[in-house]
Amino acid sequence: MAMEAVDNSITLCQSCDLVIRKRALPTGVRAICPRCHTPLYDTPYCSINGMLALCLTAIFFFAPANLFPVLELEFLGSMRTTTVIEGALSVYHQGYWLVGIAVLTSAVIAPGLLLLSILMQILIIKYGLNSPSLRTAFKHALKIQGVLTQLTMLEIFVISFLVAAFNLADFATVSFGFGTFCFTMLFIMTLFLMREYDLEHMWSYLDER
Amino acid sequence: MSDKQSTVLGKDIGLTSCPTCHKVTCAKSTHCSRCDAPLTVRDYSSVQKSWALLITATILLIPANVYPISTLTNQGRVTQDTIFSGIAHLVKTDMIPIAIILFVASILVPILKIVGLTIYLSAISFKLPISKKRLMTGFHIIEWIGRWSMLDLFVISLTVAVVNMGQLLDAKPAPAATAFALVILLTQLAAKVIDTRLLWDRLEAKDDSSTNA
Ligand SMILES: [Zn+2]
Ligand SMILES: [Zn+2]
């Protein structure tokens, strides 16, 4: 398909289609659509090595966050614990499979895939942008990035530990497990990682060669 | 914003932006040159799709609130809680901050989302004279807060897994949990499918005339 010359100095607002002339911005400043106030673009600082460090740290916390108990309940001398995955599976086995899948997706599967996908993107940028098959993999990862980010709900899960513990304090003695610490660390690392990450900027790596 | 911004739209000059990667491309091409996603200048069917999802979600909001969302057995006594009675119970036991968090996430956010999306879609479908800027701000807020409704489902899944000691103390989910999960899913999708450019095309400029002075 013949690519007609498209002026690279303009952009279109995603929300209202207004034509906007791009200008260089100082760091930390975000261009906003004058018509509908949707954020348009900014100058990301997006350091690839910084992202790599954050991404690896988050991956390091991922397994213990999901394998160690997050809540411990003591009732009449007996002790029950649960991990995030056991929580999802127990509602699933009670017949509430939609709830189980929703919990599993937003707390375990989507965050895991998101971290792996970002790690792959970083490695391709660093070492593999010249290979056509890796470029295709990079493209596919960027395409699903938006969905994975939306499905990742670590912050909500961290709050839900607190709510569940306070809820149960009425009946029994509740304490947090080692998993809660790892899960909170996973959340914080992912939060900082997603601050560094800029999808527009990632797409632009495909234009450069 | 100080320089003179004329309202030239992408479709006026034969350009469109890719919904996936935001690259500006010639409107005649059918697929994005960078990411191969299909391109549309405007997606008119998105309004109907969004209405359908929103109406289904509104209907499901009724069972989600009327039926119990969890069942608790405490020393042989079985109590069932709806979303609302669960929160009322927290208020009675003086756990006001937790009650407020759950009230916002499970009752306020879903209702605000449905009301907000209804206003938004009505403004497109019936050309209501509402400030577009205000609608767009509301829309961005809805997109952001919508996911917080998941909180109650997370709490239920943790509770069910940890409270499981037969007749003495046992917690189980109840039918409203599935209805509530569907409400969250459908409202998120309803917000996601709308082509927001339609709102800006269809409404008259006079609704925002005060801000253009
Ligand atoms: Zn705009
Ligand atoms: Zn594209």
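Labels below follow one simple rule: chain letters A, B, ... track the order of the sequence lines, proteins then strands, and each chain is numbered from 1. Quick caveat, the model's predicted, so the values are computed rather than measured.
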Best-contacting candidate, B/Pro173, B/Pro19, B/Gly86, B/Ala161, against chain A by heavy atom pairs under 4.5 angstrom: B/Pro173
Rounded to the nearest 0.5 angstrom, the CD1-OG distance for B/Ile156 and A/Ser90 is 11.0 Å
Between A/His37 and B/Lys133, is any pair of side-chain heavy atoms under 4.5 Å apart? yes
Which distance, rounded to the nearest 0.5 Å, do you find between the CG of B/Leu102 and the CZ of A/Phe166? 12.0 Å
Heavy-atom closest contact (B/Ala181 atom, A/Val99 atom, distance): CB-CG2, 4.2 Å
Residues 72-84 of chain A: residues contacting chain B (heavy atom under 4.5 Å, by number): A/Leu73, A/Phe75, A/Leu76, A/Ser78, A/Arg80, A/Thr81, A/Thr82
Out of B/Val163, B/Asn164, B/Asn74, which one racks up the most heavy-atom pairs below 4.5 Å with chain A? B/Asn164
In the structure I gave you, are the side-chain heavy atoms of A/Trp203 and B/Arg34 within less than 4.5 Å of one another anywhere? yes
When the 4.5 angstrom heavy-atom criterion is applied to B/Leu90 and chain A, the contacting part is side chain
In terms of heavy-atom pairs under 4.5 Å with chain B, which of A/His93, A/Met202, A/Glu86, A/Glu200 leads? A/Glu200
The interface call for B/Thr20 against chain A, heavy-atom contacts under 4.5 Å, is both
For the residue pair B/Leu15 and A/Ile10, establish whether any side-chain heavy-atom pair is separated by less than 4.5 Å. yes
Contact part of B/Ile13 toward chain A, heavy-atom cut-off under 4.5 Å: side chain, backbone, both or neither? side chain
For A/Phe176, look at atom CZ and say whether over 12 heavy atoms of other residues, nucleotides or ligands are found less than 6.0 Å away. yes
Side-chain contact test, heavy atoms from C-beta onward, threshold under 4.5 Å: evaluate it for B/Met150 versus A/Phe157 and give yes or no. no
Do you know the tightest heavy-atom contact between A/Val103 and B/Ser157? CG1-OG, 3.8 Å
Residue, of A/Thr38, A/Leu89, A/Leu162, A/Val174, that accumulates the most heavy atom pairs under 4.5 Å with chain B: A/Thr38
Interchain contact, B/Pro97 with chain A, by part (heavy-atom threshold 4.5 Å): neither
Between B/Thr196 and A/Ser15, the two heavy atoms sitting closest are OG1-O, 2.9 Å
Region of A/Gln94 that comes under 4.5 Å of a non-hydrogen atom in chain B: side chain
Okay, A/Val70 and chain B: the region with an atom under 4.5 Å from a heavy atom over there is side chain
Tell me, out of B/Trp148, B/Phe139, B/Phe180, who's got the most heavy-atom pairs with chain A below 4.5 Å. B/Trp148
Residues in residues 145-152 of chain A near chain B [non-hydrogen atoms, under 4.5 Å]: A/Thr149, A/Gln150, A/Thr152
Decide yes or no for B/Leu9 and A/Arg35: does some side-chain heavy atom of the first lie under 4.5 Å from some side-chain heavy atom of the second? yes
Can you check whether B/Lys132 reaches A/Cys36 side chain to side chain, under 4.5 Å on heavy atoms? no
A/Glu155 atom CD, neighbour heavy-atom count above 12 within 6.0 Å: yes
For A/Leu12 and B/Gly10, work out which heavy atoms get closest and say how close. CD2-CA, 3.6 Å
Do B/His22 and A/Tyr41 come close enough that some side-chain heavy atom pair is under 4.5 Å? no
In Å, rounded to the nearest 0.5 Å, how long is the span from CG of A/Asp17 to NZ of B/Lys11? 7.5 Å
Sort A/Thr136 into side chain, backbone, both or neither according to what part of it lies under 4.5 angstrom from a heavy atom of chain B. neither
Need one label for B/Leu158: side chain, backbone, both or neither, based on atoms under 4.5 Å from any heavy atom in chain A. both
Does A/Lys143 reach the main-chain N or O of B/Cys35 with its side chain, forming a donor-acceptor pair under 3.5 Å? yes
Answer key: most heavy-atom pairs under 4.5 Å with chain A among B/Asp152, B/Thr93, B/Leu169 is B/Leu169
Against chain B, label A/Phe161 side chain, backbone, both or neither, depending on which of its atoms sit under 4.5 Å from a heavy atom there. both
Side-chain contact test, heavy atoms from C-beta onward, threshold under 4.5 Å: evaluate it for B/Val8 versus A/Leu18 and give yes or no. no
With a 4.5 angstrom heavy-atom cut-off, is it the side chain or the backbone of B/Asp12 that approaches chain A, or both, or neither? neither
Given that the side chain runs from C-beta out, which part of B/Met165 has a heavy atom under 4.5 Å from chain A: side chain, backbone, both or neither? both
Return the OH to OG distance between A/Tyr96 and B/Ser70, rounded to the nearest 0.5 Å. 10.0 Å
Turns out that what part of A/Leu168 lies under 4.5 Å from chain B's heavy atoms comes down to side chain
Under 4.5 Å, counting heavy-atom pairs only, tell me which of B/Thr178, B/Leu153, B/Leu185 racks up the most with chain A. B/Thr178
Cut-off 4.5 Å, heavy atoms of chain A, and the answer for B/Leu72 is side chain
